[in-house]
Amino acid sequence: MTTEEATTARARPEPIKAVPVRHPGRWVAVAVLAVLAAMFVHLLVTNEAFNWSFMVDKMFRPPIIEGLVRGTVLITVSAMLIGVTLGVVIAVMRLSDNPILRGVAWLYTWFFRAVPRLVLLAVFGNIGILWSRVEFGVPFDTQLGQLFGIDNLQLRLFGFSSRDLLTGFMAGLLGLALSEAAYMAEIVRAGIQSVDEGQTEAAQALGLSRGQLLRRVVLPQAMRVIIPPTGNETIAMLKDTSLLLYVPVSVELFFQLDAVGKRTFQIFPMYVAACLWYLFLTSILLVGQYFLERHFGKGYGASGRARMKLRGMTAEAGGAAGVAK
Amino acid sequence: MPTQATAPTAESGLMVRAEQVHKSFGPLEVLKGIDLEVRSGEVCCLLGPSGSGKSTFLRCINHLEKIDAGRIWVDGDLIGYRERGGKLHEMRDKEVAAQRQAIGMVFQRFNLFPHMTVLGNVVEAPVLLRRSKKAEARERAAELLERVGLGDKLGAYPGQLSGGQQQRVAIARALAMRPKLMLFDEPTSALDPELVGEVLDTMKDLARDGMTMIVVTHEIGFAREVGDHLVFMDGGVVVEQGDPREVIAAPRHERTKAFLAKVL
Ligand SMILES: Nc1ncnc2c1ncn2[C@@H]1O[C@H](COP(=O)(O)OP(=O)(O)OP(=O)(O)O)[C@@H](O)[C@H]1O
Ligand SMILES: [Mg+2]
């Protein structure tokens, strides 16, 4: 008691008034950055090659907006829908007890992750060379016919000219969707494997079938891990639609901007327009992703943090893959 | 057929019969020929040191693990296989699942579904497996939860409950399928000491109502008070079994003595 009284009785020491540590380096950095920024703005404003008025005039023209909506946005959405669905199927196959399904799933992901997206799209764009017509019927009908001594047996039900079926749009969509499925399969697999094994056991012990426990117990819990990297994939997909130039898909944002640039010999302003459009579109997706992650991160403290780490890793992997694509 | 003569019929009063059950994980033989009989309405307590194969044996009974040799019958049905023409045929996934519906299981770590409410956890299986209509299942689930003392927690999520409460929900979830047999794998080992009692009380209630139970536990008091039969396992074999009070008071085997000396 006496010591306590002593301390309270003693006068409160005066607040510390020390000279703070100076950071001259920061001020130098600010000065350098300010100069660089000024130079950049000067470049933007004075360099004729930007041709801003021309760019603004062209970048909202109907064919470009049409390419944006019916190409870039529509293909992003469709390719992601197909990619996620197929990716779930492949991930489940990959984790199945059946060695054949496992093998097929492995082969699929191996192929579509090993071939760069750009190359894949070029191949899909020219796949019509293999067949002039796509027909459905009994496979190997001519060969079977020869076996039974019938010349040129044809058992075809219906068919399309591959020009009708594999339009640039379809080829491009297919190329992107199939490749996306391979990446999504890996993400979904990681999600499924992140769910505690006890969950599967409890569901099995209750008498749920494999399909039921996957649908009702495992996948809903895997979602927390699957959703964030899927957001990254969507953003990557949006950007990768610009690769459709090589299929080619004409109703697409970058194709249209590129075409205007080449026609008018004003390539650079149109590329700047492309940058601005993609910046705008990805920013919208980033905002969406922010809210999605906040929603799915609710109520999970430590595991939420672990997932952030995991997401960082997949983002890195996605980034590296993006370079390879 | 000689093999079918050994199959116990339901009238014999045997709920579980295991015969020479063997199980290996790779080169490690975990079960080296387990024989066990549990009568209807009986509480069988399974004791033994860590790694003796208690959990593995329990998981064999509902075919979460495939056995390498031997036979297990529950209520007269061979588990996991069908015997036809003197040959064993593996059952399909669906058939195994159907057998499991009659066997409830409670785990050491509860394993509740964290994305469903307490009521959702209990209702899920009966509704999904079309055992009962949704409204009916809800009513029964609420009843069961009331019975385990959680009538006021229907809308809570498992993460909001204490360990003891979670384990009681897990018991209600298993009971919702109206099982003939309940398996408990160390149901109180993950609980704080002051929560053990509430789970054991729930299990005692269940035993009093005549449920057939196989309980892996280190709770000697529970075994003595509630158990009808005690089985001591070590090294993948049954070392000693008998009336719990007798075995605990006067173990005959050295290994049983050593084990009881440690846990008592
Ligand atoms: N899936 C598995 N793969 C390989 N080995 C396993 C597997 N499951 C169990 N084992 C091994 O089998 C042995 C028996 O395990 P089990 O879990 O049945 O023991 P237990 O008697 O339940 O022990 P405890 O009291 O610690 O729970 C242990 O040595 C364990 O390492
Ligand atoms: Mg165990």
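Since we're looking at a predicted model, the values are computed, not measured. Every chain is numbered from 1 and lettered A, B, ... according to where its sequence line falls, protein lines coming before strand lines.
- Atom CD of A:Gln212 sits about 4.0 Å away from atom CG of B:Leu128, to the nearest 0.5 Å.
- Two residues are said to be in side-chain contact when any heavy atoms from C-beta on lie closer than 4.5 Å; A:Gln199 and B:Pro114 meet this criterion.
- Environment of CZ in B:Arg92: sparse, with no more than 12 heavy atoms of neighbouring residues, nucleotides or ligands closer than 6.0 Å.
- Closest approach of B:His115 to A:Arg216, counting heavy atoms only: NE2-O, 3.0 Å.
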Step-by-step side-chain contact (heavy atoms from CB on, under 4.5 Å) determination, A:Leu208 to B:Arg100: CA-CA 9 Å; A:Leu208 267 59; B:Arg100 287 189 185 128; over 6 Å; no

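- For a residue to count as touching a neighbouring chain, one of its non-hydrogen atoms must lie under 4.5 Å from one of that chain's; by this rule B:Phe107 touches chain A with the side chain only.
- Contact annotation: the side chain of B:Gln101 never approaches that of A:Leu206 to less than 4.5 Å [non-hydrogen atoms, C-beta and beyond].
- Enclosure of atom NZ in B:Lys204 by more than 12 non-hydrogen atoms of other residues, nucleotides or ligands within 6.0 angstrom is indicated.
- Heavy atoms closer than 4.5 Å to chain A are found in the backbone of B:Ile103, but not in its side chain.
- Counting heavy-atom pairs closer than 4.5 Å to chain A, the top-ranked of the candidates B:Gln99, B:Met177, B:Lys94, B:Glu124 is B:Glu124.
- In the displayed structure, B:Phe25 atom CZ is contacted under 6.0 Å by more than 12 heavy atoms of other residues, nucleotides or ligands.
- Heavy atoms from other residues, nucleotides or ligands lying under 6.0 Å from CD1 of A:Ile100 number 12 at most.
- When heavy atoms are compared at a cutoff of 4.5 Å, B:Arg59 approaches chain A solely by way of its side chain, counted from C-beta outward.
- At distances below 3.5 Å, at least one donor-acceptor pair connects side-chain atoms of B:Asn111 with backbone N or O atoms of A:Gly198.
- Within 6.0 Å of CZ on A:Arg70 lie no more than 12 heavy atoms contributed by other residues, nucleotides or ligands.
- Between chain A and the options B:Leu112, B:Leu129, B:Val106, heavy-atom pairs under 4.5 Å are most frequent for B:Leu129.
- In the displayed structure, B:Gln160 atom CD is contacted under 6.0 Å by more than 12 heavy atoms of other residues, nucleotides or ligands.
- Between B:Val96 and A:Gln204 the shortest side-chain heavy-atom distance does not fall below 4.5 Å.
- A:Gln143 CD: more than 12 foreign heavy atoms inside a 6.0 Å radius.
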